[in-house]
Protein chains: 2
Amino acid sequence: MRNSKQKEIILRALGEHCIHPTADELYNYIHQEYSDIGVATVYRNLNKFAEKGIIRKIIGLDGSSHFDSCLEPHYHFICSCCGKIYDVPINIGKDLIAKAEEFTDCKITSMNMTFRGLCRECEDKHNGKFVFDEAETEMLLTASTS
Amino acid sequence: MRNSKQKEIILRALGEHCIHPTADELYNYIHQEYSDIGVATVYRNLNKFAEKGIIRKIIGLDGSSHFDSCLEPHYHFICSCCGKIYDVPINIGKDLIAKAEEFTDCKITSMNMTFRGLCRECEDKHNGKFVFDEAETEMLLTASTS
DNA sequence: AATGATAATGATAATAATTATCATTTATTG
DNA sequence: CAATAAATGATAATTATTATCATTATCATT
């Protein structure tokens with residue numbers, strides 16, 4: 001991978017955000033200051049960085065791709081109301097992966113966990129009156145036992 | 001929600017599959033027998049069913065939407081080689097969610113876990129020589145401690 | 001069983017995010 | 001500094017999904 005001004009700009013711009021922007025959002029942000037950067041360059045490099053493990057890619061619940069410059073082990077929380085993605089800096093036990101390998105007879109190399117609910121801000125704003133009218137597509141907590 | 005012949009066909013067709021098809025895949029399958037069903041109807045109803053909690057929607061690592069007629073608590077394993085989605089019928093402890101709520105100060109209502117790696121079939125076929133050239137976008141196991 | 005209200009359907013247009021193409025520019029290496 | 005090949009940017013292409021809307025089917029009520 002060759003160096004370029006654009007790559008530096010993209011990486012720096014991503015580092016300035018903690019909201020886990022999409023490629024498009026980051027492009028628009030960068031484009032304000034560097035109007036001559038191309039959309040393809042931003043998409044291309046973000047994906048390349050993710051492949052190389054320099055950054056992380058998060059697939060949102062609606063299928064959109066978000067990017068995260070933080071490589072530290074952590075998971076994500078997505079607010080069902082405002083859609084913002086927050087970090088959840090916890091680790092899970094290896095025994096869970098062992099159990100999953102046992103059940104599936106598959107070799108597991110990576111895993112991903114996403115929580116969903118209402119963020120503090122939205123809960124305050126809506127005073128608990130927010131109705132989950134979106135698809136409840138994930139495992140409901142009520143169904144999970146330990 | 002009103003009843004219809006199409007809804008029955010779609011639900012039945014989904015039940016016949018354990019590969020977690022996309023809306024498009026299911027449409028093509030159904031279309032073979034019922035050539036007069038529309039694409040929009042399949043997309044519409046699958047999403048509606050997921051909203052109602054009659055089926056589940058899984059967002060693949062590439063952002064594609066897959067559907068699952070099984071409502072039992074379980075997670076998924078996606079093969080990095082062939083892309084097939086397998087069920088992982090395990091449960092996690094509530095303490096993990098409690099911990100996540102504590103860290104984020106958010107109210108968690110649901111969670112989702114996806115494992116990734118090589119399925120038995122692909123491992124045998126490629127004899128362990130498969131190279132992960134795809135984006136390693138999730139948390140690498142090596143980074144996770146218990 | 002006929003009626004009427006309205007939800008569901010299907011054909012197709014529209015959308016939106018992302019990727020491919022390719023001529024031009026830029027970085028790296030000897 | 002020149003040669004080589006990768007990177008860029010403009011734009012076309014792609015692809016999955018959704019919106020539109022005229023038509024049809026469903027279902028509660030008569």
Side-chain angles (χ1 to χ4, degrees), chain A residues 1-14 19-52 54-68 78 83 85 133-135 137, chain B residues 1-14 19-52 54-68 78 83 85 133-135 137:
Chain A
M1 189 160 67
R2 208 171 267 185
N3 211 19
S4 80
K5 228 176 296 169
Q6 289 88 341
K7 286 203 180 87
E8 284 172 36
I9 290 166
I10 291 166
L11 264 188
R12 183 150 36 82
L14 184 63
I19 55 148
H20 311 81
T22 61
D24 200 59
E25 285 167 348
L26 201 65
Y27 165 74
N28 286 125
Y29 172 75
I30 291 170
H31 193 254
Q32 291 173 7
E33 194 169 353
Y34 305 93
S35 59
D36 51 351
I37 204 167
V39 205
T41 303
V42 177
Y43 273 86
R44 209 164 17 208
N45 282 318
L46 285 174
N47 281 312
K48 203 172 290 179
F49 291 154
E51 271 172 42
K52 298 274 178 201
I54 296 167
I55 65 173
R56 280 173 62 194
K57 190 184 198 173
I58 312 157
I59 303 292
L61 289 165
D62 58 348
S64 57
S65 297
H66 296 255
F67 294 89
D68 186 355
I78 305 179
I85 300 177
D133 56 357
E134 272 184 80
T137 58
Chain B
M1 187 158 69
R2 208 170 268 185
N3 211 19
S4 80
K5 228 176 296 169
Q6 289 86 342
K7 287 204 180 87
E8 281 171 37
I9 291 166
I10 291 166
L11 264 189
R12 183 151 34 83
L14 184 64
I19 57 149
H20 310 81
T22 61
D24 199 60
E25 285 167 349
L26 201 65
Y27 164 73
N28 286 124
Y29 173 76
I30 292 170
H31 193 254
Q32 290 173 9
E33 195 168 354
Y34 305 93
S35 60
D36 51 350
I37 204 166
V39 205
T41 302
V42 177
Y43 273 86
R44 210 165 16 209
N45 282 318
L46 285 173
N47 281 312
K48 203 173 288 178
F49 292 153
E51 272 171 42
K52 299 271 180 207
I54 296 167
I55 64 173
R56 281 173 62 194
K57 189 185 200 174
I58 313 158
I59 303 291
L61 289 165
D62 58 348
S64 57
S65 297
H66 297 253
F67 295 90
D68 186 356
I78 306 179
I85 300 177
D133 55 358
E134 273 187 80
T137 57

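What you are looking at is a predicted structure, and each value in this text was computed from that prediction instead of being measured. The sequence lines fix the lettering, A, B, ..., with proteins before strands; numbering per chain opens at 1.
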Undergrad: Which comes earlier along DNA chain D counting from the 5' end, the contact point of B/Arg44 or that of A/Ile10, where each point is its nearest nucleotide?
TA: A/Ile10
Undergrad: For B/Lys7 and C/dA8, is the shortest distance between a side-chain N/O and OP1 or OP2 below 4.0 Å?
TA: yes
Undergrad: Tell me whether the OP1 or OP2 atom of C/dA8 has a side-chain N or O from B/Lys5 closer than 4.0 Å.
TA: no
Undergrad: Verify whether one side chain among A/Thr22 and A/Asp24 offers a donor that lies under 3.5 Å from an acceptor in the other.
TA: no
Undergrad: Looking at B/Ile19, B/Ile85, B/Ile78, B/Ile59, which one forms a side-chain contact (heavy atoms from CB on, under 4.5 Å) with B/His66?
TA: B/Ile85
Undergrad: If you compare all heavy atoms of B/Phe49 against all heavy atoms of B/Ile10, which two are closest, and at what distance to 0.1 Å?
TA: CE1-CG2, 4.1 Å
Undergrad: Going 5' to 3' along DNA chain D, which nucleotides are the first and last within contact of chain B (any atom under 4.0 Å from a heavy atom)?
TA: D/dA16 to D/dC27
Undergrad: Within less than 4.0 Å of OP1 or OP2 of C/dA8, is there a side-chain N or O belonging to B/Ser4?
TA: no
Undergrad: Ignoring hydrogens, what is the shortest heavy-atom contact between A/Leu46 and A/Ile55? Give both atom names and the distance.
TA: O-CD1, 3.5 Å
Undergrad: Quickly work out the A/Arg2 CZ to C/dA27 P distance and round it to whole Å.
TA: 9 Å
Undergrad: Whole-Å distance between C/dA16 P and B/Tyr43 OH?
TA: 17 Å
Undergrad: Take B/Ala40 and B/Met1, find for each the nucleotide of DNA chain C with the closest heavy atom, and name the residue whose nucleotide sits nearer the 5' end.
TA: B/Met1
Undergrad: Taking the side chain as everything from C-beta on, heavy atoms only, tell me whether B/Lys48 gets closer than 4.5 Å to B/Ile54.
TA: no
Undergrad: Which atom names give the shortest non-hydrogen contact between A/Gly38 and A/Tyr27, and what distance separates them?
TA: C-CE1, 3.8 Å
Undergrad: Nearest-nucleotide wise, let me know which of B/Gln6 and B/Val39 is further upstream toward the 5' end of DNA chain D.
TA: B/Val39
Undergrad: Could you tell me which nucleotide pairs with C/dA17 by Watson-Crick or G-U wobble geometry, both distances under 3.5 Å, or answer none if nothing does?
TA: D/dT14
Undergrad: NA contact type, B/Thr41, heavy-atom cut-off 4.0 Å: base, sugar-phosphate, or nothing?
TA: base
Undergrad: Name the nucleic acid region contacted by A/Thr22, choosing base, sugar-phosphate or nothing; use a 4.0 angstrom heavy-atom cut-off, strictly under.
TA: nothing
Undergrad: Got a second to check how far B/Lys57's NZ is from B/Asp68's CG, nearest 0.5 Å?
TA: 13.5 Å
Undergrad: Which nucleotide, if any, forms a Watson-Crick or G-U wobble pair with C/dC22, using both distances under 3.5 Å?
TA: D/dG9
Undergrad: With a 4.0 Å cut-off on heavy atoms, is A/Asn3 in touch with a base, just the backbone sugar-phosphate, or nothing at all?
TA: sugar-phosphate
